[in-house]
Amino acid sequence: MTFGPPIVDVADAAIESRGSELEQSNSEVVMSASGKWSTPAFPDIVVFPRGPIAELELERVAGAVGRLLTRNRIDGGARVRVVVANCPSGPQLVQVNLCVRGTPARVQTITPGAGMVLPVVQRLERLIERLTTKRRVAPEGEPIRRLLAASGHGTITRRKNCSLLVVPPDAAAAVLDAMDYEAHLFVDAETGADAIVYRGDPTGIELLRSPSDPSAADPRIPELSETAAVDRLCAVGLPFLFFIDPVSRRGNLLYRRYDADLGLITPRTS
């Protein structure tokens with residue numbers, strides 16, 4: 001299978017030509033914090049809108065995802081989450097969950113605004129390419145990631161205390177690729193240490209593993225309180241920070257979210 005620039009077919013062009021219709025009556029705007037939506041053309045692409053989103057925009061997103069999956073012979077459909085703030089024509093956070101050849105996968109990105117679905121298509125096509133050819137795409141082709149490395153204030157709004165996967169680093173890297181993460185926290189099956197894999201430059205994946213001997217501290221993995229970790233990430237402008245909690249002595253992963261707030265992943269302890 002070969003991959004090139006996303007294909008825009010006649011149906012894509014037809015939908016794009018209707019962009020001026022976004023300024024429609026209120027009856028054509030979906031005001032929903034829950035619920036779901038689908039189009040008869042692609043009934044297995046289920047969209048979950050949140051915020052004031054025009055039905056045309058849901059049609060555009062579902063159609064773009066559906067046609068891409070059809071072209072690449074990906075069965076099983078997809079669940080698509082589209083979130084906007086208060087402006088129907090403003091930026092959209094789009095997350096697509098699907099299975100690619102039996103592997104659970106997802107992508108998440110921000111579009112500049114209504115009618116601009118191309119970033120979703122490009123990001124999803126890169127994911128399919130990674131999972132079907134095992135060839136990684138250079139991160140320079142994904143400028144949206146630069147948003148996650150911006151300095152500035154951030155507040156932890158999402159906390160995940162979870163049982164970490166105990167796997168070798170190559171298996172953790174496969175999860176990183178499939179789930180479109182910036183970094184993935186796991187327990188290294190080879191050493192029993194908390195570790196992360198993360199996207200290196202240009203196409204590699206790097207490993208950071210907490211030292212088994214506290215006296216052999218790794219300067220890349222600081223020991224910080226939660227407050228100090230937030231301060232460092234925000235001041236330096238890091239997309240994520242792997243650090244050791246001084247109380248639990250476990251590795252924690254702090255990361256920047258697309259809404260500019262922060263998320264924190266901590267290992268569940270028995």
Side-chain angles (χ1 to χ4, degrees), residues 81 83 85 91-95 106-112 119 123 136 138-165 167 169 172-173 175-188 191 193-212 214 216-269:
R81 184 164 61 98
V83 181
Q92 301 172 350
L93 174 64
V94 181
Q95 179 176 306
R106 64 145 219 177
V107 294
Q108 187 176 39
T109 193
I110 289 179
T111 72
R123 191 70 168 265
R136 294 194 178 95
E140 290 88 351
E142 300 181 359
I144 195 69
R145 294 190 186 280
R146 293 196 294 268
L147 293 175
L148 302 178
S151 59
H153 175 74
T155 302
I156 296 176
T157 58
R158 178 78 182 273
R159 295 176 182 271
K160 304 178 190 175
N161 181 253
C162 51
S163 298
L164 303 182
L165 290 175
V167 294
V175 174
L176 180 86
D177 269 344
M179 301 306 290
D180 198 31
Y181 294 148
E182 294 300 309
H184 176 50
L185 178 64
F186 70 104
V187 174
D188 181 12
T191 64
D194 295 329
I196 65 166
V197 286
Y198 64 96
R199 300 190 185 281
D201 191 25
T203 59
I205 288 182
E206 305 289 339
L207 170 68
L208 273 181
R209 189 162 40 203
S210 59
S212 55
D218 186 333
R220 299 172 300 169
I221 311 174
E223 181 177 316
L224 297 169
S225 67
E226 180 180 300
T227 299
V230 169
D231 289 344
R232 178 174 297 194
L233 181 144
C234 293
V236 178
L238 301 172
F240 61 86
L241 177 63
F242 180 46
F243 68 98
I244 303 298
D245 179 84
V247 176
S248 68
R249 309 303 307 173
R250 298 294 303 274
N252 288 197
L253 180 60
L254 181 70
Y255 61 95
R256 178 76 72 174
R257 292 163 48 90
Y258 279 113
D259 60 7
D261 284 322
L262 307 178
L264 179 65
I265 303 175
T266 57
R268 183 172 297 156
T269 56

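- In this structure, CD on Gln92 lies 14.5 Å from OH on Tyr258, to the nearest 0.5 angstrom.
- Here the CG atom belonging to Leu164 is positioned 12.0 Å from the CG atom belonging to Asp188, to the nearest 0.5 angstrom.
- Pro112 pairs by the side chain to side chain contact (heavy atoms under 4.5 Å, CB included) definition with Met116, Pro119, not counting sequence neighbours.
- Nearest approach of Pro267 to Asp194, heavy atoms of both residues: CG-OD2, 4.4 Å.
- Looking at every heavy atom in both residues, Ser210 comes nearest to Ala193 through O-CB, 3.4 Å.
- Annotation: side-chain hydrogen bond (donor to acceptor under 3.5 Å, both in side chains) contacts of Ser225 (sequence neighbours excluded): none.
- In this structure, Ile196 and His184 have side chains that are not in contact, with every pair of non-hydrogen atoms separated by 4.5 Å or more.
- Going from atom CZ of Arg199 over to atom CD1 of Ile205 covers 6.0 Å, rounded to the nearest 0.5 Å.
- Qualifying side chain to side chain contact (heavy atoms under 4.5 Å, CB included) partners for Leu207, counting only residues two or more places apart in sequence or in other chains: Pro169, Phe186, Ala195, Val197, Arg209.
- In terms of the side-chain hydrogen bond (donor to acceptor under 3.5 Å, both in side chains) criterion, residue partners of Thr266 (sequence neighbours excluded) are, by chain and number, Asn161.
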Donor-acceptor contacts under 3.5 Å from residues 228-245 side chains, at least two apart:
| from | atom 1 | to | atom 2 | distance (Å) |
| --- | --- | --- | --- | --- |
| Asp245 | OD2 | Val247 | N | 2.9 |
| Asp245 | OD2 | Ser248 | N | 2.7 |
| Asp245 | OD2 | Ser248 | OG | 3.3 |

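- To the nearest 0.5 Å, atom OH of residue Tyr198 and atom CG of residue Leu253 are 12.0 Å apart.
- Rounding to the nearest 0.5 angstrom, the gap separating the CD atom in Gln95 from the CZ atom in Arg123 is 11.0 Å.
- No side-chain heavy atom of Asn252 sits less than 4.5 Å from a side-chain heavy atom of Leu224.
- Here Val83 pairs with Arg50, Arg81, Leu93 under the side chain to side chain contact (heavy atoms under 4.5 Å, CB included) rule; sequence neighbours left out.
- To the nearest 0.5 Å, atoms OG1 (Thr157) and CG (Leu264) are separated by 11.0 Å.
- Counting only residues at least two apart or in different chains, salt bridge (Lys or Arg N to Asp or Glu O under 4.0 Å) contacts with residues 156-165 comprise Arg159-Glu226.
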Derivation of the side chain to side chain contact (heavy atoms under 4.5 Å, CB included) call for Arg250 and Val187: CA-CA 10 Å; Arg250 298 294 303 274; Val187 174; 4.0 Å; yes

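- Applying the side chain to side chain contact (heavy atoms under 4.5 Å, CB included) criterion to Asp259, with sequence neighbours excluded, gives Arg257, Asp261.
- Under the rule for a side-chain hydrogen bond (donor to acceptor under 3.5 Å, both in side chains), the partners of Thr155 that lie at least two apart in sequence or sit in another chain are His153.
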